[in-house]
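This report concerns only the one structure given below.
Letters A, B, ... are given to chains in the order of the sequence lines, protein chains preceding strands, and every chain is numbered from 1.
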Protein chains: 2
Amino acid sequence: MDRKNDDSRLLLEQVNDLLENNKILELRELLEEYHTMDILDVMENLDEEMKVKLFEVLPIDVSASILEESGSDFFRTMLSLIDVQHGRNILEQMSLDDLTDILSELEEDERQRIINLLNKEDAEDVRKLLGYEEESTGGIMTTGYIEVNENMTAKEAIEHMRKNAEDAETIYYIYVVDNDEKLVGVLSLRELITARDSVVVADLMSENIISVYDDDDRELAVKLVSKYDLIAIPVVDRDNILRGIITVDDIIDVMEEEATEDLYKLAGSSEHERDVAEKPDSTMLEQIVSSVRARIPWLLLILIGGLFTAIILTKTTFVEGLTYVKFLCFVPVILGMGGSVGMQSSSLTIMTLSNNDEEDIDFRTVLKEGAVGLITGLVCSIIIGAMAYIILHSLNMSIVIGICVLINMVVGAMIGSFTPLMLKHLSGDIAIISSPLISVLLDMIGVVLFFIITTIFLSKIVS
Amino acid sequence: MDRKNDDSRLLLEQVNDLLENNKILELRELLEEYHTMDILDVMENLDEEMKVKLFEVLPIDVSASILEESGSDFFRTMLSLIDVQHGRNILEQMSLDDLTDILSELEEDERQRIINLLNKEDAEDVRKLLGYEEESTGGIMTTGYIEVNENMTAKEAIEHMRKNAEDAETIYYIYVVDNDEKLVGVLSLRELITARDSVVVADLMSENIISVYDDDDRELAVKLVSKYDLIAIPVVDRDNILRGIITVDDIIDVMEEEATEDLYKLAGSSEHERDVAEKPDSTMLEQIVSSVRARIPWLLLILIGGLFTAIILTKTTFVEGLTYVKFLCFVPVILGMGGSVGMQSSSLTIMTLSNNDEEDIDFRTVLKEGAVGLITGLVCSIIIGAMAYIILHSLNMSIVIGICVLINMVVGAMIGSFTPLMLKHLSGDIAIISSPLISVLLDMIGVVLFFIITTIFLSKIVS
């Protein structure tokens with residue numbers, strides 16, 4: 001990976017140089033040898049003005065690929081800055097499933113404005129695609145497939161394929177339909193080019209088609225592509241009419257998305273937190289706000305469980321008159337709150353670390369997590385402190401419990417993100433830390449903090 | 001999915017029928033229309049004798065695909081039962097990366113016996129592949145690629161490709177090497193078939209090759225294939241000599257494997273537990289033993305943290321002479337142990353549920369988990385009970401603490417696997433349950449159990 005990073009830093013410098021000196025032809029020549037994704041990497045590291053300048057000189061197909069891969073903000077900015085006809089040409093080249101994804105994130109009027117720029121056929125396809133649920137197969141399919149009629153000969157089919165290859169996402173599978181547009185077979189490019197010219201497609205195709213319905217869950221498409229080792233899977237409606245295909249690269253994207261989603265769910269967070277955390281230009285404040293919003297419901301749930309525990313414990317203490325014993329009953333909830341916020345922050349840090357190669361995740365993350373711990377901690381400590389006052393009837397002890405919860409949550413959040421970061425810096429690798437390990441660590445830190453805080457505040461009260 | 005399940009049940013019945021009546025020709029005809037993976041599904045549900053019978057009548061290429069997808073046990077059994085020459089023919093057709101994976105799981109002498117069945121070229125390739133680390137790109141690559149010399153014309157290259165297409169895993173990328181076998185370019189089938197016959201490959205190919213070294217971590221291959229939307233990625237050695245390729249279906253397999261591995265690590269378990277849990281014919285006892293082995297190190301770690309917590313807490317209790325107060329200090333470790341084993345068992349259940357469509361995971365799993373909880377619980381309760389006796393000097397209380405730990409761990413393990421199973425049965429979907437949710441539930445159950453147990457055993461002791 002070091003080699004790669006050096007390469008891309010070098011490229012960035014070269015591009016910057018050429019842009020500043022307006023050497024457009026040389027720039028074009030240089031970039032010709034690079035993959036779109038590498039150009040996108042460079043672009044993300046340029047300042048606003050240079051970004052637009054670079055975008056304007058790129059060939060149309062590269063610009064289209066760049067827009068496919070970048071977010072809706074970049075898309076909107078670029079299209080508003082460049083010439084309308086140039087924009088129209090780029091839109092024409094974009095893959096319709098990616099274009100639809102971006103359009104679905106825009107405001108209604110902006111979406112309409114862009115759809116109006118498209119040619120009639122594309123506009124119609126995009127409107128159809130926009131109608132599908134995001135989590136359905138229809139929501140990730142593209143209409144860029146090659147379809148031939150079952151009555152064509154191999155020669156006609158190859159001709160047809162060559163003519164339509166440019167708009168197709170994959171030419172490795174050719175889908176065969178009957179006169180009613182119903183999917184009746186599939187043909188690999190391999191089979192087609194090794195066949196005699198005069199053979200009829202219907203005799204050549206495989207009729208055992210693995211397909212999904214356009215309202216199936218997209219996870220089904222992932223399962224089938226993975227099980228049958230496919231490069232693309234056709235999507236049909238309930239009348240078996242071919243509506244689109246899903247290619248394996250989109251399947252991989254879905255797999256990555258779902259895997260992170262699962263981890264977030266397991267850790268007690270939400271997609272919203274991830275979206276903001278992974279947006280390259282989100283501010284510290286945006287990140288803090290989104291983290292607090294995503295985590296607070298889970299933390300409140302844990303808080304309820306913890307208070308329930310505390311109440312049951314106070315009921316089992318048979319020693320009458322000793323408030324300090326009942327005070328001890330709050331230890332589990334104090335440790336629990338610190339442990340929970342710590343687990344959330346370590347999960348988030350591990351995930352953002354593994355999704356970003358760049359060095360843009362550093363120890364500032366620990367400060368951000370500390371801030372999240374502080375805000376969520378304030379909320380939780382007030383609630384727990386109030387409950388403690390109701391149960392213990394001691395203002396001092398309730399305040400000490402509140403302080404313990406707050407400090408534990410701030411420290412827990414910071415340790416939770418610091419540990420994976422430190423391990424990454426030490427070993428270079430992102431180590432998945434087992435949650436038992438983190439929870440042991442946080443419990444031990446939590447109880448030591450409890451010891452220190454009670455010694456400072458309570459020794460005079462109870463002794 | 002229901003449609004699919006019905007289909008496969010029907011197919012199973014048909015196959016069984018035809019096999020019993022020795023209608024081999026009809027059987028072959030029936031299976032011709034099915035995908036290898038569907039035949040494998042059927043085979044897994046046949047009894048031993050029928051399995052062999054079916055395997056013997058399958059066409060050689062289908063048998064080869066079946067062996068590629070099935071485990072090493074099945075591979076060994078089948079090869080020992082069928083005719084040597086038939087076996088040789090099947091081995092010839094197998095993809096070398098899959099064959100290598102299976103061979104690496106066999107005993108040394110068995111491995112040698114099978115390599116000796118291969119033709120010289122394949123045997124050499126397999127020996128080379130066996131030399132790579134499992135986690136490296138070399139460990140997942142295959143040698144089934146098409147390579148052409150840069151000086152060939154497009155026509156020659158197409159001819160070469162057609163001749164070698166049969167042994168290739170993918171013909172969609174053609175790799176271009178110079179006279180020293182060094183990788184100098186890549187060509188998509190798309191570019192090749194749309195080119196004029198006389199063009200030289202060197203002028204047609206793209207020189208910006210995305211490749212990995214054969215000792216790189218396989219995760220790097222996953223990253224690059226996903227980033228650049230590739231269908232295959234070439235693997236070169238440090239001298240840039242082409243050694244193999246990794247196709248996108250293997251990338252998907254690695255992604256799935258790594259995702260589960262990560263979840264296991266997060267939950268505090270190990271690969272070994274997964275392997276046994278996902279082996280279709282592992283016995284209840286094997287599963288219990290492997291689960292206990294995988295989890296006990298983590299549980300002991302948590303136990304150490306919990307005892308540390310208990311000791312610190314007993315030091316902070318300023319009330320002298322009241323053993324019951326110190327007894328309360330053990331509540332966090334009691335709840336912690338139940339919660340941890342519960343998290344482990346819920347993670348395992350969720351993962352086995354999502355990796356198996358079949359109905360073979362049922363409420364017996366809960367009993368199995370209960371047994372794991374009992375065994376690990378006995379170990380932990382003895383250690384914690386002994387420590388409690390050293391600290392509290394009260395045999396009664398130490399026994400009660402031990403009992404609490406034991407019951408909490410048994411109940412925690414059972415609830416941990418029962419909850420996802422119940423949710424699956426209620427909703428039909430595998431719901432990922434957030435760990436905060438499970439831990440709240442287990443804490444609440446744990447403290448109620450504590451309440452009940454102390455009321456029964458201790459009310460007479462302390463009052």
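Side-chain contact between L328(B) and C329(A) is present, with heavy atoms from C-beta onward closer than 4.5 Å. Put simply, the side chain of I231(B) reaches to within 4.5 Å of the side chain of I231(A), judged on heavy atoms. Taking 4.5 Å as the limit, some side-chain heavy atom of I252(A) sits within range of a side-chain heavy atom of V248(B). In this structure, Y172(A) and T170(B) have side chains that are not in contact, with every pair of non-hydrogen atoms separated by 4.5 Å or more.
Taking CG from L189(A) and CD1 from I171(B), the interatomic distance works out to 6.0 Å, rounded to the nearest 0.5 Å. Atom-to-atom distance recorded for D229(A):CG and M37(B):CE is 7.5 Å, nearest 0.5 angstrom. Between the CZ atom of F308(B) and the CD1 atom of I445(A) there is a distance of 9.5 Å, given to the nearest 0.5 Å. One finds the CG atom of L335(B) at 7.0 Å from the CG atom of L313(A) (value rounded to the nearest 0.5 Å). For the atom pair CG of D443(A) and CD1 of I312(B), the computed distance is 12.0 Å after rounding to the nearest 0.5 Å.
The residue among I302(B), L441(B), L303(B) with the most heavy atom pairs within less than 4.5 Å of chain A is I302(B).
When heavy atoms are compared at a cutoff of 4.5 Å, E69(A) approaches chain B solely by way of its side chain, counted from C-beta outward. The part of E169(A) that comes within reach of chain B is its backbone (N, CA, C, O), which places non-hydrogen atoms under 4.5 angstrom from that chain. In this structure, the portion of V225(A) lying under 4.5 Å from any heavy atom of chain B is its side chain and not its backbone. Of the atoms belonging to M343(B), not a single heavy atom falls under 4.5 Å from chain A.
Here the shortest heavy-atom pairing between T309(A) and V447(B) reads CG2-CG2, 3.5 Å. When all heavy atoms of E256(B) and S226(A) are compared, the pair lying nearest together is OE2-OG, 2.9 Å.
D41(B) and K227(A) are joined by a salt bridge, as a carboxylate oxygen and a charged side-chain nitrogen come within less than 4.0 angstrom of each other.
Aromatic ring pairs are classed by plane angle as parallel below 30°, tilted from 30° to 60° and perpendicular above 60°; the pair H35(B) and Y228(A) is perpendicular.
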